[in-house]
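Structure first, then comments.
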Amino acid sequence: MNQLYRRNDALNVNPPVVNGKTSDINITVRGSDWYWAVCAIMTTAALVFSGLSHTKPRPQRLFHYITAGICFTAAIAYFSMGSNLGWTPIDVQFRRSDSKVSGINREIFYVRYIDWFITTPLLLMDLMLTAGMPWPTILWTIFMDWVMIVCGLVGALVKSSYKWGYFTFGCAALVYIIYQLGWESRLHASHIGPDVSRVYLMTGVLTIVLWICYPIAWGVCEGGNIISPDSEAVFYGILDIFAKVGFGAVLIFGHRNIDAERLGLRIRDYDEDPAVHPSTTGEKRSNGGSNGVTNGGQQAAPAETTATNV
Ligand code: RET
């Protein structure tokens with residue numbers, strides 16, 4: 001029986017010490033267990049979303065791949081946190097008497113922000129590509145998103161009250177993102193069609209509501225040191241499950257009958273290109289070239305024309 005049940009040893013293998021400095025306010029085995037559970041959920045979701053991509057032709061898989069990538073990235077972040085890795089001890093601004101948060105320094109999981117730095121732009125791409133937004137607007141919104149995440153990270157690593165300065169800049173960036181999602185992208189989506197508008201509204205509202213909760217979590221965890229690292233794990237964990245897995249499921253389901261081309265995403269499959277697969281046009285190419293390189297403009301031109309006209 002003992003062999004079947006192996007207890008979570010992560011905190012013994014990776015104790016709360018980094019570069020010789022010990023942290024006082026740490027996750028417990030229960031927190032680590034929860035992080036492992038979220039790691040399993042994210043891994044499963046990543047596998048399911050990438051598996052589902054195979055039910056679609058290649059040019060229609062963009063949203064599956066983006067969403068699977070989000071969950072796969074999160075799985076690695078949660079693996080780190082379950083292992084009690086990816087954190088550094090930072091002195092708290094507010095010393096508390098409650099035993100769960102008493103002490104000089106607290107484990108700050110910077111790996112969370114690395115996850116968000118990768119995944120939040122992907123979430124924005126999922127949403128804004130659904131709304132058919134122009135790419136300069138998407139890039140600018142992603143820039144604001146990076147400002148928000150980096151401000152959150154730097155603020156979390158600062159021990160003085162100056163951390164709230166970074167927090168304020170981050171919140172300003174979030175306000176801009178919410179404006180983009182709740183106003184411009186919503187209007188854009190509504191012009192494409194009612195089905196696109198519906199999936200955009202569902203995922204957009206979910207995103208806005210959840211994203212507003214993140215700075216609240218930051219305020220009571222990294223900022224105010226009010227709730228314990230175990231409660232922090234549950235707070236951020238639940239938000240991440242809904243913001244990534246819940247969001248992803250609604251998005252992928254909503255996209256099931258939406259052709260990517262309607263969103264302005266004209267993506268060619270490689271066997272659609274006669275330069276690569278001559279057989280798809282029904283004509284045999286006499287020069288035998290299979291890599292698209294021909295001997296001159298005269299020969300290249302018909303191939304190009306066929307490719308763009310299909
Ligand atoms: C921080 C602190 C600085 C101010 C603000 C924040 C907002 C973070 C958000 C994170 C969203 C993460 C998601 C992860 C899942 O993939 C950085 C906490 C406004 C909105 C959605």
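Counting starts at 1 for both ligands and their atoms, following the listed order. Just so it is clear, the values below take in all heavy atoms, side chains as well, and ignore hydrogens, waters and symmetry mates.
Pairs of residues two or more places apart, or lying in two chains, that qualify as salt bridge (charged side-chain N to carboxylate O under 4.0 Å, His left out) and include a residue from residues 13-37 are Lys21-Asp91.
Tested against Lys244 for a side-chain hydrogen bond (donor to acceptor under 3.5 Å, both in side chains), the candidates Asp115, Thr120, Thr73 yield a single pass: Asp115.
Using a 4.5 Å heavy-atom cutoff, the side chains of Phe49 and Thr67 are in contact. Between Met42 and Phe72, the closest side-chain pair of non-hydrogen atoms is not below 4.5 Å.
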Fill in: Derivation of the side-chain contact (heavy atoms from CB on, under 4.5 Å) call for Phe242 and Phe247
CA-CA 6 Å; Phe242 281 108; Phe247 169 94; over 6 Å; no
Worksheet entry | Leu153 vs Phe117, side-chain contact (heavy atoms from CB on, under 4.5 Å): CA-CA, chis, key distance, verdict | CA-CA 10 Å; Leu153 170 62; Phe117 192 84; over 6 Å; no
Nitrogen or oxygen contacts under 3.5 Å, ligand 1 side and protein side:
{"unit_1": "ligand 1", "atom_1": "16 (O)", "unit_2": "Thr119", "atom_2": "OG1", "d": "3.4"}
{"unit_1": "ligand 1", "atom_1": "16 (O)", "unit_2": "Lys244", "atom_2": "NZ", "d": "2.9"}

